Amino acid sequence: MNTTVAALAARFRTCPTTGLRVNSTAEHLIRLNAVFAILAMVAGVIAAFGLVLTRWQAVHLLEAVWYYRLLTVHGVSMLIFFIIFFEMAVLYFAGPVLLNSRVPMPKLAWAAFILMAVGAVMVEVQMWTGKADVLFTSYPPLRAHPNYYLGIIFFAVGALVVVGLFFASLVVAKREETYGGSVPLVTYGAIAAAVIAVITLLHGAAIYVPTWTWAMGWTAMPDPQVYRLIWWGLGHSSQQINVAAMVAVWYLLGALTVGAVVLNEKISRAAFFLYVLFISMASAHHLLVDPGFGSGWKIWNTSYAMYLAVLASMIHGFTVPAGIEVGQRLRGFTKGMFEWLRKAPWGDPGFSAMILSIIIFGFIGGITGVTFGTEQINIIAHNTLRVPGHFHATVVAGTALAFMGVTYYVIPLVFQKQVAFWPLARIQPYLFGGGMVLFTMSMTFAGTFGVPRRHYDISFTGAPFDIQYNAAVDLLLGIMGIGGLIAATAVVLYILIAVWSVFFGKPMPQAATAGE
Amino acid sequence: MHTGIVSPKGVWWVKAPKAERIWVMIAFAWCMVLFAMMPLWHYRGGQNPSGIRHKVDPEAYEARTLEFVEQYRVGEESGIAVVAPPPGSDIYMLGKMWQWIPVLKLQAGVSYTLHLSSSDVNHGFNLFPPNINFQVVPGYDYALRITPNEPGDYKVVCNEFCGIGHHLMLGRIIVEEGPVVAAGGIQ
């Protein structure tokens, strides 16, 4: 070990909970990214209450303009800002922290964070002031204020720099020999997420830059169909970052909560590699009923490519629970078939969040998603409530819930604080998961009756004609409303617990004496 | 045995446990079944969105639709022209903030080529009640060969966000008894 490394070692602290060393730059950036993720979540959940109470047709709270405005806010704040800020924190954790290394070029890392923060604020301002009522997808010819696109470009460029720094941190860790053998599986999963992030963010640049120059009046409008093609290279691929990051967090939470083992490194890593190779093409299933593409293109991209990515998820769906079982058996829970399951730490929110995330992602999100990805079934699903029913099961009840679970470990590990309101924290994942099951299932069923997504008023008051949906739709939208309120309340609890713990929480015992 | 946050030392490219290998094989076989069904059902299922696709100038498409409306106009409903085109003809529907133009009066059991496009932003064609959906993109003419198989009063919901009046955008297709009612549907 050379002197530079020895000097840097002084900047690490050892976390009493996990024994992992924490680099101070990485620690600060994890904190700030986590704080900004939570701020984005506050905006997103305020919007969520408005949306749920409006689409619940019996309540129908908001005016049309605010419904569409908050729909834009909800999508962008949650699906871009919350989740990507959180993923930046995951990258700083999986690279510098897990490898006992450091953040290379800390000044650049700070600049990237500032760029992302500025971009996010610009976009939020445009959305809340009604200058970007174009929804999450912003399909032209719908046009937002140029600063909306510019803010997203800033945010994406900042994220791309962080991804680059993550790769650099791997090189530095390898060269400085901060770890022996191969990178841990969780880091490998984060690498997969980071590679997909590069693909995704390049698509984002390829479409948001010409859209911004068009909004400035400098260039012609991007072709609407080409926009949809490239935009979904961003819009769907970014969900694959979430999937890869979520699975990495499953392995992480398995390790932290019950000492889950990796059954076989080869299989789990090969499964992550399948995501990298094939999952981007699955974006094509957004375009199955579009005029611009032929059947050959649609079938190829949504069958061969998508199913190999599905294979990857099916593998993780086995290896994660199996690793938990083996881990539990090694801890002594060996009686019968299910003692390992009965004696699992169901009251640990990290554990329950992980299990609920696996189950809801796999059984509701996965099955609905694979179903719509079929050329023929897409005709009866496209742009109905089945679509948000699907992706709230994947990215919300899957990814966001896994991220909530890992937060209960980030608080003691990185923030050195005890989790506040512990009895609430114990039930929070169940409330959120349960609410999301009601919400996603009722949306899915309402969608099968043809109820459109992104629609203010299915009673069509003021429209030239009249529609009477099946009577079951009213009931389903009511259940959706109740499930949505339960889930959104659980998000508020999560925010309260996280913020209170970080700013007013009791310090961890021994934290004062650790490291330095 | 180690967890996912520990660096594995030495060679980890080793044979997986039996249960894991069996699961991977089952999952792979199932994925291949799904894969095979995609092209197979395309050729055997007869449920494809097999449109004839063209690029089109949005203004030219609107002009063509208005010409079609003038040619076969039979009345007006809620301020929207009602059009009864002859059997077998090319029929046009235009999505325009926030109307589906025109109201179509078709005959059951008769084939038409239904053109869909927009002269402003993206719209979503959702046929109620059967729940059949197509994306309507300005600049692209999506022509679908259709044979209405049941008389009835159908509505066209817009299910792609198209601005503040999106939820008011509702069209109508009336299908009357045709000469011979044949089995079929959208082909």
Side-chain angles (χ1 to χ4, degrees), chain A residues 64-65 68 98 135 139 141-142 179-186 223-225 251-252 254-255 259-267 289-292 295 299 303-304 307-308 310-311 314-315 318-319 330 374-376 379-380 382-384 450 452-457 460 462-465 467, chain B residues 1-10 12-14 16-17 19-20 23-24 27-28 31 34-35 38-39 41-42 45 47-51 53 77-80 120-122 124 126 128-129 131-135 137-142 155 157 159-161 163-164 166-170 172:
Chain A
V65 62
Y68 294 120
L98 277 187
L135 302 199
Y139 297 133
L142 290 178
Y179 65 100
S182 305
V183 295
L185 180 60
V186 170
D223 181 280
Q225 184 71 85
Y251 284 111
L252 173 64
V261 301
V262 182
L263 296 183
N264 182 275
E265 292 279 356
K266 178 176 74 175
I267 299 281
V289 292
D290 269 40
S295 295
I299 291 173
S303 57
Y304 157 71
Y307 294 135
L308 286 178
V310 170
L311 176 64
M314 292 191 51
I315 291 173
F318 178 89
T319 59
L330 288 174
T374 311
E375 192 191 15
Q376 295 82 11
I379 302 175
I380 58 169
H382 181 73
N383 276 356
T384 67
R453 68 183 289 204
R454 298 177 155 188
H455 200 281
Y456 170 66
D457 183 13
F460 293 94
F465 308 105
I467 278 195
Chain B
M1 285 292 193
H2 60 274
T3 69
I5 54 175
V6 175
S7 297
K9 308 288 189 296
W12 44 260
W13 191 267
V14 294
E20 199 173 356
W23 174 253
V24 172
F28 183 73
C31 289
L34 294 175
F35 169 40
M38 281 286 263
W41 200 250
H42 181 82
Q47 298 177 326
N48 305 317
S50 47
R53 300 163 300 108
E77 260 188 50
S78 306
I80 305 170
D120 41 46
V121 298
N122 273 267
N126 166 258
F128 179 88
N131 186 17
I132 292 170
N133 303 279
F134 293 99
Q135 186 75 22
V137 183
Y140 292 80
D141 179 352
Y142 207 165
K155 300 288 159 44
V157 178
N159 66 5
E160 184 62 79
F161 175 68
I164 185 64
H166 165 51
H167 49 278
L168 301 174
M169 184 164 167
L170 192 58
R172 188 176 183 200

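What you see is a predicted model, and the numbers here were worked out from it, not measured in a lab. All values below were derived from every heavy atom in this structure, side-chain atoms included, with hydrogens, water molecules and symmetry-related copies excluded. In what follows, chains carry the letters A, B, and so on, assigned in the order in which the sequence lines appear, proteins first and then strands, with residues in each chain numbered from 1.
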Do any N or O atoms from the side chain of B:Thr3 and from the backbone of A:Ala255 form a donor-acceptor pair under 3.5 angstrom? no
Donor-acceptor contact present, side-chain B:His167 to main-chain A:Ala64, <3.5 Å: no
Under the salt bridge (Lys or Arg N to Asp or Glu O under 4.0 Å) test, which residues partner B:Arg172, sequence neighbours left out? B:Glu77, B:Asp153
Any B:Met38 side-chain heavy atom under 4.5 Å of A:Thr374 side chain: yes
Smallest separation among heavy atoms of B:Pro8 and A:Glu265, with atom names: CG-OE2, 3.6 Å
Just give me the residue among A:Leu185, A:Thr384, A:Ile380 that pairs up with chain B most often, heavy atom to heavy atom, under 4.5 Å. A:Ile380
Just give me the residue among B:Lys9, B:Glu160, B:Met1 that pairs up with chain A most often, heavy atom to heavy atom, under 4.5 Å. B:Glu160
May I ask you to decide if B:Gln135's main-chain N or O and A:Asp290's side chain share a donor-acceptor pair within less than 3.5 Å? no
Say you draw a straight line from CG of B:Asn159 to NE2 of A:His382; how long is it, rounded to the nearest 0.5 Å? 6.5 Å
Rounded to the nearest 0.5 Å, the CD1 atom of A:Ile267 sits from the CD atom of B:Glu20 at a distance of 5.0 Å
Looking only at heavy atoms and a cut-off of under 4.5 Å, which of B:Val14, B:Ile80, B:Asp141 has the most pairs with chain A? B:Val14
Looking at CZ of A:Phe465 and CZ of B:Phe128, how far apart are the two atoms once the value is rounded to the nearest 0.5 Å? 14.5 Å
Is the closest side-chain heavy-atom distance between A:Leu311 and B:Phe35 below 4.5 Å? no
Mark yes or no for whether B:Ser7, through its side chain, and A:Ser182, through its backbone, hold a donor-acceptor pair below 3.5 Å. yes
Flag the pair A:Val262 / B:His2 as yes when at least one side-chain heavy-atom distance between them is below 4.5 Å, and no otherwise. yes
Among A:Gly180, A:Pro464, A:Pro184, the residue with the most heavy-atom pairs under 4.5 Å to chain B is A:Pro184
Using a cut-off of under 4.5 Å on heavy-atom pairs, state which of A:Leu263, A:Leu330, A:Thr319, A:Leu252 scores highest against chain B. A:Leu263
When the 4.5 angstrom heavy-atom criterion is applied to B:Asp120 and chain A, the contacting part is backbone
To check you understand the geometry: which heavy-atom pair defines the closest contact between A:Pro141 and B:Asn122, and what is its length? CD-N, 4.4 Å
Using every non-hydrogen atom in the two residues, find where A:Ile315 and B:Val24 come nearest and quote the distance to one decimal. CG1-CG2, 4.1 Å
Of the backbone (N, CA, C, O) and the side chain (C-beta and beyond), which part of A:Tyr456 lies under 4.5 Å from a heavy atom of chain B, both, or neither? both
Heaviest contributor of heavy-atom pairs below 4.5 Å to chain A, chosen from B:Leu168, B:Val157, B:Leu170, B:Val137, is B:Leu170
Applying a strict 4.5 Å limit to non-hydrogen atoms, the region of B:Trp23 in contact with chain A is side chain
Using 30° and 60° as the class boundaries, would you call the ring planes of A:Tyr68 and B:Phe161 parallel, tilted or perpendicular? tilted
More than 12 heavy atoms of other residues, nucleotides or ligands under 6.0 Å from OH of A:Tyr179: is that the case? yes
Run the numbers on A:Ile379 and B:Gln47 for side chain to side chain contact (heavy atoms under 4.5 Å, CB included), then give the verdict. CA-CA 9 Å; A:Ile379 302 175; B:Gln47 298 177 326; 5.7 Å; no
Please determine, among A:Gly259, A:Pro452, A:Gly450, the option with the most heavy-atom pairs under 4.5 Å with chain B. A:Gly450
Atom group of B:Val121 that falls short of 4.5 Å from chain A, counting heavy atoms: both
Nearest 0.5 Å, please: how far is NE2 in B:His42 from CD1 in A:Ile299? 4.5 Å
Quick check on the interface: out of B:Gly10, B:Pro138, B:Gly124, who has the most heavy-atom pairs with chain A under 4.5 Å? B:Pro138
